[in-house]
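Notes follow the structure.
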Amino acid sequence: MAMLEVKNLHTYYGNIQALQGISLEVEEGEIVTLIGANGAGKTTTLRSICRLLDPRQGSIILEGEDLANCKAHEMVYKGVAMVPEGRGVFSRLTVAENLDMGAFSRDDASGVRQDLERVYNLFPRLKERRAQVAGTLSGGEQQMLATGRALMAHPRLMLMDEPSMGLSPILVEDTFETIKAINKEGTTILLVEQNATMAFSVADRGYVLQTGEIILHDTAENLKTNEMVQKAYLGIE
Amino acid sequence: MLQRLQNISFLDIALWALGAIIIFVVIWGTVATLIENPYPAQTWVETVVAGIAQGSLYALIAIGYTLVYGVLFMINFAHGEFFMSGIITATIFLAQPMKASGFLDAHPVISISLIAVTAILVSVGIALLTERVAYRPLRKAPRLVPLITAIGASFFWQYFFRGLYGSEVKSFPQFEALAGKASILGIPILKSHIIVIIAAVLMLIGLYFFIMKTKVGKSIRAVAENKDVAALMGINVDRAVAITFAMGSAMAGIAGVLFALVFRQVHFFMGFIPGIKAFTAAVLGGIGSVPGAALGGFLLGMFESVGPGLFLEGLGIPAPHQLKDVIAFTLLVLVLIFRPQGILGERLAVEKA
Ligand SMILES: Nc1ncnc2c1ncn2[C@@H]1O[C@H](COP(=O)(O)OP(=O)(O)OP(=O)(O)O)[C@@H](O)[C@H]1O
Ligand SMILES: [Mg+2]
């Protein structure tokens, strides 16, 4: 049984259809990437999965449980955390308070302390800046904070929406290193990216999304050598 | 530089000129008053203390406006009615019968506690009901819609309580222990003013601590910034909004009790003027900011109290104390000209509009 099973999602914004029947699966322990151009529907897919949007049709099944009646704020209690598009840090809260909010769903104080240690080890920068208001962080630091905040929920499945967006090449490398490390420690990851080269370098499998439809899915290895993917997403002629 | 000059419009210049004229008149009036010296020092002290007491009430009520604006970007015009509903109910069902039976004079502390708890519960109850029935369904509507609804809710509650309790002014009984003045550092001060100031300051500090330090307080700040991301953290946004209304209206409920202790009368329309003034105070301090609401409240109370005697007396204006509302709203206009986001407001109003 797959950890996450998305079947035939149809999501609309008013009368505009953004997703036309998305199906995908994520197995426990995997990194699965979802790539696609601007406006393909990647964010819409993630927001539908975590119930911020209400799909008109289709189902989302997490470890065998249909989440049809789940509210967005209940998702984290099911073990799903998200690093939203554009980071979405609480800019008027301090770094430490942002991380606190990441652990909002938990009441195991000692576990939360351990995870805070872990986040500060992963991102020493955040520890240095813990008393600072998040709005004053650089883009890279905000990405660390958004990732750290999601980790504070101790999720089993982490949804990441374009974590490399707007970062310098060095920081992009770091970000993908971090993603690999988080996955090694046992968190399953569904990674939305436009940077297909980097995404395929860490992912086990990938889905290609085009105007609201999955047009291709395969292992990352095979996608890298797929002619259409090379042309459209890897910039290889 | 030229670019910047071109961006300054005629309206800006006119507003600055207006501001400058007002400030000039205020300084002139103040200097003239000080030269004339019409009041003894004791009167000034009393005026200042009365201003702080009045300001405490504004500050407590202003908190409700600023909290709700902070999370929903909406001006809750029914807030003055939340303030009224608690104390008017507690007066009719507790204060008046307890006075008549002699219980209030025999057990003043128990009595005031019961009155306060009742007033808070009723204010909070009315606020939660209004939020659930009138505001929550409109959360995704254009911003004008909840605004109009709030004005409607304000009228609804005014006439609801008029129908329930009648339109006449109801007297709130005197507490013997609070009658007269006490001497602090040799200065005689009304006991009711002392109670109001102490209670308000304690409540404001408590609320600030709650918002800044507790988990629930932090979650409310998170919801104020980004409802979707807050939900991803596991925060129940509807509940956080309800808690926000509950806190603001609890403050208003307490303010109602303090108001009754000072003015010793209540009626169905009593929420209107303090509501508008507290809204002014919240804008003055920077709407959305909790310390701003407190500061705006105290400043407004102070200006209203001290202003007429200090600024207007020296200009030879007769009966200056009838003009305290003019001072209040002139202060608002001045702040909006020179600092549109309010004294402690961080962002420009346009950014959120
Ligand atoms: N709030 C909205 N209202 C109406 N249409 C929307 C809204 N959000 C997204 N869309 C539309 O839905 C489609 C999918 O958008 P989505 O944000 O999911 O794309 P994306 O793949 O995440 O793009 P990007 O790489 O730019 O983030 C787009 O055509 C977009 O214009
Ligand atoms: Mg997107």
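Quick note on labels: first sequence line is chain A, next is B, and so on, each numbered from 1.
For A/Leu52, the part lying near chain B is the side chain, with the backbone staying farther off; criterion is any non-hydrogen pair under 4.5 Å. Interface remark: A/Met101 contributes backbone and side-chain atoms alike to the contact with chain B (heavy atom separation under 4.5 Å). The parts of A/Ala72 that come within reach of chain B are both its backbone and its side chain, each placing non-hydrogen atoms under 4.5 angstrom from that chain. The parts of A/Phe104 that come within reach of chain B are both its backbone and its side chain, each placing non-hydrogen atoms under 4.5 angstrom from that chain. For A/Arg106, the part lying under 4.5 angstrom from a heavy atom of chain B is the backbone only.
Heavy atoms of other residues, nucleotides or ligands lying less than 6.0 angstrom from NZ of B/Lys215 number more than 12. A 6.0 Å sphere centred on CG of A/Asn69 holds no more than 12 heavy atoms belonging to other residues, nucleotides or ligands.
The pair A/Glu141-A/Arg87 fails the salt-bridge criterion, with no side-chain N (NZ, NE, NH1 or NH2) lying under 4.0 Å from an Asp/Glu carboxylate O. A salt bridge does not link A/Arg47 to A/Asp161: none of the charged nitrogens lies less than 4.0 Å from a carboxylate oxygen.
Contact count versus chain B (heavy atoms, under 4.5 Å) is highest, among A/Gly102, A/Ser105, A/Ser91, A/Ala150, for A/Ser91.
The aromatic rings of B/Tyr65 and B/Phe279 lie tilted to each other, with the angle between the two planes from 30° to 60°.
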